[in-house]
Amino acid sequence: MTDFTARAARHSAAGVGSALSALMGPAGRRALADWWHGIDRWLLGAVLVLIATGLVLGLAASPPLAEKHQLGTYYYVVRQAVFALAALVAMVAVSAMPLHWIRRGGVLLFLGALAAVALLPWFGSDFGKGAVRWYSLGVVTLQPVEMLKPAFVVAAAWVMAGSFQRGGPPGRLVSGLVALGIAAMLAAQPDYGQAMLLLATWAAMLFVSGAPMLPMLVLAGMVGSAMAFAYASSQHVRGRIDAYLSAEAEAHSQLAYAEAAIREGALMGVGPGAGEIKWRLPDAHTDFIIAVAAEEFGQVLTLAVIAFYGFVTVRALARLLDERAMFVRLAGVGLAVGFGLQAFINLAVAIRLLPAKGMTLPFVSYGGSSMLAAAVAMGALLALTRLRPQDPAATLRERG
């Protein structure tokens with residue numbers, strides 16, 4: 001274990017120990033009991049399964065990369081375990097917050113993440129991938145758009161919910177202009193995949209808010225026009241779309257290797273550690289980790305992973321069906337749809353249903369930014385879907 005991972009593990013363990021000590025008192029035990037009885041335990045359990053799956057697949061996918069960089073065999077697995085522990089603590093902490101903390105914290109996080117994305121052209125790095133998306137912080141890297149997505153959902157839900165109050169702001173218009181501005185910044189990196197994901201998430205929130213069809217059609221037309229312009233003006237976009245539209249994937253491309261791995265794995269896989277794709281794919285532990293899963297563990301595990309993502313998304317949406325508070329409904333739908341869409345995009349790219357996007361699989365792909373952002377988003381979703389006391393006065397105060 002490196003010095004960094006050892007220090008991170010000690011700090012995480014110390015934080016967990018302090019939290020457990022605080023919970024030993026009567027007030028702490030009562031708060032823990034209220035949290036446990038109110039939380040959606042099926043939703044929480046499904047997320048824990050996805051985190052555990054990510055660690056298992058990390059054992060299979062990351063050793064070749066560690067060997068390439070002359071690091072310990074399980075260097076990336078240990079780091080991912082540290083990220084998972086920190087993410088678990090963050091998810092539980094956020095899920096226990098009252099709604100007004102979720103709302104205020106989301107708005108503050110949105111402002112900070114937006115500033116970080118805006119400053120990427122001057123202080124960011126592309127790490128040789130052709131898109132300036134990361135900050136290099138020495139031992140770790142940070143991709144601010146990962147945290148921007150859930151924070152935008154909460155901030156947009158707050159503004160849109162305010163428009164339903166007498167004298168409230170034009171929330172749909174304001175949030176729409178902000179969404180288009182963020183999408184433009186992401187496209188300039190270029191990161192069209194994240195831009196499309198953010199707009200699609202906002203469109204789902206707009207639909208749930210009861211917006212008429214005309215704005216939805218206008219938005220769809222604008223997105224289509226923007227993609228046509230991007231195809232005509234960007235060699236990066238044109239290359240990816242042409243590769244997607246071709247009858248066969250280009251030889252020695254990541255898509256070709258992923259297709260071969262999925263075919264080779266068949267129903268039951270070639271066995272843990274016996275796969276070859278991880279030695280050829282540079283992003284086997286991140287964007288194409290599902291290809292490693294398909295080759296070594298087969299379609300059975302792959303379908304199980306897909307089922308868990310579908311369960312989390314549908315379960316969260318079902319919990320929100322009877323929710324009357326507009327902020328809770330909009331924020332919950334945005335977080336659930338964003339989570340499900342990101343998983344769908346990653347999985348669809350691996351089987352060439354979509355052009356390559358460079359998007360991680362939540363909780364499963366390697367990466368600290370992705371893991372922590374997914375944990376914050378899921379913690380907020382757990383808080384929004386949590387059962388609450390039925391005292392009318394307390395409910396009104398909590399919902400604002």
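Transitive grouping of hydrophobic side chains (ILVMFWY, heavy atoms separated by less than 4.5 Å) brings Leu50 and Val92 into a common cluster. Follow the hydrophobic side-chain contacts under 4.5 Å out from Met213 and you never reach Val208; the two are in separate clusters. Cluster membership for Phe229 and Met227, using ILVMFWY side-chain heavy atoms within less than 4.5 angstrom, is not shared. Hydrophobic clustering, with ILVMFWY side chains joined whenever heavy atoms are under 4.5 angstrom apart, groups Leu206 together with Val218. A continuous path of hydrophobic side-chain contacts links Val107 to Val178 [ILVMFWY only; heavy atoms under 4.5 Å].
For residues 307-316, every residue pair satisfying the salt bridge (Lys or Arg N to Asp or Glu O under 4.0 Å) rule, not counting sequence neighbours, is listed here: Asp40-Arg315. Note on residues 149-160: pairs passing side-chain hydrogen bond (donor to acceptor under 3.5 Å, both in side chains), not counting sequence neighbours, are Glu146-Lys149, Lys149-Gln194, Lys149-Gln342.
With hydrogens and angles ignored, the 3.5 Å screen pairs no side-chain donor or acceptor of Asp191 with any backbone N or O of Leu186. Between the Glu295 side chain and the Glu276 main chain, a donor and an acceptor come within less than 3.5 Å of each other. In this structure, the side chain of Thr313 does not engage the main chain of Gly310 through any donor-acceptor pair within 3.5 Å. Of the possible donor and acceptor atoms, one in the side chain of Arg238 sits under 3.5 Å from a partner among the backbone N and O of Ala232. Listed for the Gln80 side chain is a donor-acceptor partner under 3.5 Å among the backbone atoms of Ser365. Remark: side-chain polar atoms of Asn346 are paired, donor with acceptor, to backbone N or O of Asp287 under 3.5 angstrom. With hydrogens and angles ignored, the 3.5 Å screen pairs no side-chain donor or acceptor of Thr141 with any backbone N or O of Leu137. Under a 3.5 Å cut-off, the side chain of Gln143 and the backbone N or O of Val145 do not form any donor-acceptor pair.
Under the 4.5 Å side-chain criterion, counting only non-hydrogen atoms from C-beta, Tyr135 is in contact with Leu119. At a threshold of 4.5 Å between non-hydrogen side-chain atoms, the residues Val349 and Met359 do not count as touching. Within the 4.5 Å cutoff, side-chain heavy atoms of Val312 are placed close to those of Leu43. Using a 4.5 Å heavy-atom cutoff, the side chains of Arg172 and Ser209 are in contact. Annotation: side chain of Asp242 is in contact with side chain of Tyr231 (closest heavy-atom distance under 4.5 Å).
The aromatic rings of His69 and Tyr76 sit perpendicular to each other, their planes meeting at more than 60°, with 30° as the lower class boundary.
Interatomic distance, Leu347 CG to Ile289 CD1, rounded to the nearest 0.5 Å: 11.5 Å.
At a cut-off of 3.5 Å, with distance as the only test, a side-chain donor of Thr360 or Ser370 sits close to an acceptor on the other residue.
Taking the ring axis of Trp35 as reference, the NZ or CZ atom of Arg386 does not stay both within 45° of it and closer than 6.0 Å to the ring centre. Cation-pi geometry between Arg103 and Phe327 is satisfied (NZ or CZ under 6.0 Å from the ring centre, within 45° of the ring normal).
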Stepwise salt bridge (Lys or Arg N to Asp or Glu O under 4.0 Å) check, Glu296 with Lys278
CA-CA 10 Å; Glu296 299 197 2; Lys278 59 193 177 186; 3.0 Å; yes
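Aromatic ring centroids of Phe339 and Tyr309 lie under 6.0 Å apart.
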